[in-house]
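Not measured: the values here are computed from a predicted model.
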Amino acid sequence: MQSPPGELSVRTDALTRPIRAAERRRLRSPSSPPAPKRWLVTAGAYAATPVVLVIVCVYLVGADLELFPIVGALLLAFVVYSVVVGLKRRHRSAEETIRLDLLAADNGLEIERDIADPDTPGALFREGANRLTVVRLRRRSPRFIEVGRYRATASALDGGRSIDMGYLLVHDAEAARRWASARDADAVASDPSAPPRGGLRAVSLLPALSVEGLPHPLRVDVRGDFVVVYSPDPFPLDVAATWPALAEAVRRVQR
């Protein structure tokens, strides 16, 4: 990816153009054949579905057998609808995976998925349980920039609420010093005598950053020479318009 130092310039045609069959084959994750037990479970589930439908129908209609076909048809329609919705979601997920892989390849980005207990700088990445970076894209030079999606079960400080958010990470020592000063000034101005807070409540007290096209408000923290931008919602990374907005966020972080 060619871009000036500190800038995030991403070509996004991979997110909008048709995907060629050869690209789908090349990027499809190699998967081992399902284990025999999995096949048995799947076959058993399909075989049991009609039996379960009959039992449920009998339970619902009781002695009124005239209602049996109606209730059976309704239950069957519900099952078919659930299967169709599940297949569509699976297709969308596969499409997003392929498009992000193509985006990374076109721009020289590293892409990783399903990283347990990530080493990302930032206090929020150390709290809670089941900590997982769902996906992250990195550029290491000329300036380190990372964007991703993070998910976890929050700590007791947040009442056990789940976390599902986007984040932006920029390595810039000078910008980190400026944002650290702003963060410390906001903390003193809010309530210097208040007890320390952690988790999502602590994030809500960080300096805010607003960028058109991204969730609002973004919150900015500093860890060493890194500026960490937390988003209240995941960034839609498979949407082309997200990337110019992220580039603008990087520019504002470095001002």
J.: Look up atom CZ in Arg178 and atom CZ in Arg255, then write down how far apart they are to the nearest 0.5 Å.
T.: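 Answer for the CZ-CZ pair, Arg178 versus Arg255, is 10.5 Å.
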J.: When rounded to the nearest 0.5 angstrom, what distance separates OG1 in Thr12 from CZ in Arg99?
T.: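 Reported value, rounded in 0.5 Å steps: 11.0 Å.
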J.: Considering only heavy atoms from C-beta outward, does the side chain of Leu209 approach that of Val211 to under 4.5 Å?
T.: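 In contact.
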J.: Report yes if the side chains of Leu218 and Tyr230 come closer than 4.5 Å at any heavy-atom pair, otherwise no.
T.: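 With C-beta onward as the side chain, the pair stays apart.
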J.: Is any side-chain heavy atom of Val222 closer than 4.5 Å to a side-chain heavy atom of Arg183?
T.: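 Val222 reaches Arg183 side chain to side chain.
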J.: Heavy atoms, side chains only, cut-off 4.5 Å: are Val227 and Leu169 in contact?
T.: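 The answer is no; the side chains never approach within 4.5 Å.
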J.: Taking the basic N atoms (NZ, or NE/NH1/NH2) and the acidic carboxylate oxygens, is any pair closer than 4.0 Å for Arg252 and Glu212?
T.: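 The answer is no: the pair does not qualify as a salt bridge.
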J.: Do side-chain atoms of Ser141 reach the backbone of Arg143 as a donor and acceptor pair under 3.5 angstrom?
T.: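 No; judged by distance alone, with no hydrogens or angles, the pair does not exist.
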J.: Between Trp179 and Asp221 (side chain of the first, backbone of the second, donor and acceptor by atom type, cut-off under 3.5 Å), is there such a pair?
T.: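 It does not hold such a pair.
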J.: Name each donor-acceptor pair under 3.5 Å that joins a side chain in residues 113-122 to protein atoms two or more places apart or in another chain, with its distance.
T.:
unit_1	atom_1	unit_2	atom_2	d
Arg113	NH1	Asp101	OD1	3.0
Arg113	NH2	Thr97	O	3.1
Arg113	NH2	Asp101	OD1	3.3
Asp117	OD1	Arg131	NH2	3.3

J.: Report yes if some heavy atom in the side chain of Glu174 is under 4.5 Å from a heavy atom in the side chain of Gln254; otherwise report no.
T.: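 Answer no - side chains too far apart.
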J.: Output all residues satisfying ring pair (Phe, Tyr, Trp, His ring centres under 6.0 Å) with Tyr150, sequence neighbours left out; order by chain, then residue number.
T.: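 For Tyr150 the ring pair (Phe, Tyr, Trp, His ring centres under 6.0 Å) partners, ignoring immediate neighbours, are Phe125.
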J.: I'd like to check Val253 versus Asp172 (side-chain heavy atoms, cut-off strictly below 4.5 Å). Are they in contact?
T.: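 Counting from C-beta outward, Val253 and Asp172 never come under 4.5 Å.
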J.: Can you find a pair of side-chain heavy atoms, one from Val147 and one from Phe235, that are under 4.5 Å apart?
T.: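 Yes, at least one pair of side-chain atoms sits under 4.5 Å.
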J.: Report the C-alpha separation of Ile145 and Leu8 in whole Å, then their side-chain angles, then the decisive distance to 0.1 Å, and conclude whether the side chain to side chain contact (heavy atoms under 4.5 Å, CB included) test is met.
T.: CA-CA 8 Å; Ile145 297 174; Leu8 179 65; 4.3 Å; yes
J.: In chain order, what residues pass the side chain to side chain donor-acceptor pair (under 3.5 Å) check against Asp164, with sequence neighbours excluded?
T.: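 In terms of side chain to side chain donor-acceptor pair (under 3.5 Å), with neighbours along the sequence ignored, Asp164 is linked to Arg149.
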J.: What distance do Ile163 atom CD1 and Leu132 atom CG have between them, rounded to the nearest 0.5 Å?
T.: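 The CD1 atom of Ile163 sits 12.0 Å away from the CG atom of Leu132.
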J.: Starting at CG of Leu103, measure out to CD1 of Ile111 and round the result to the nearest 0.5 Å.
T.: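 Output value for this atom pair is 7.5 Å.
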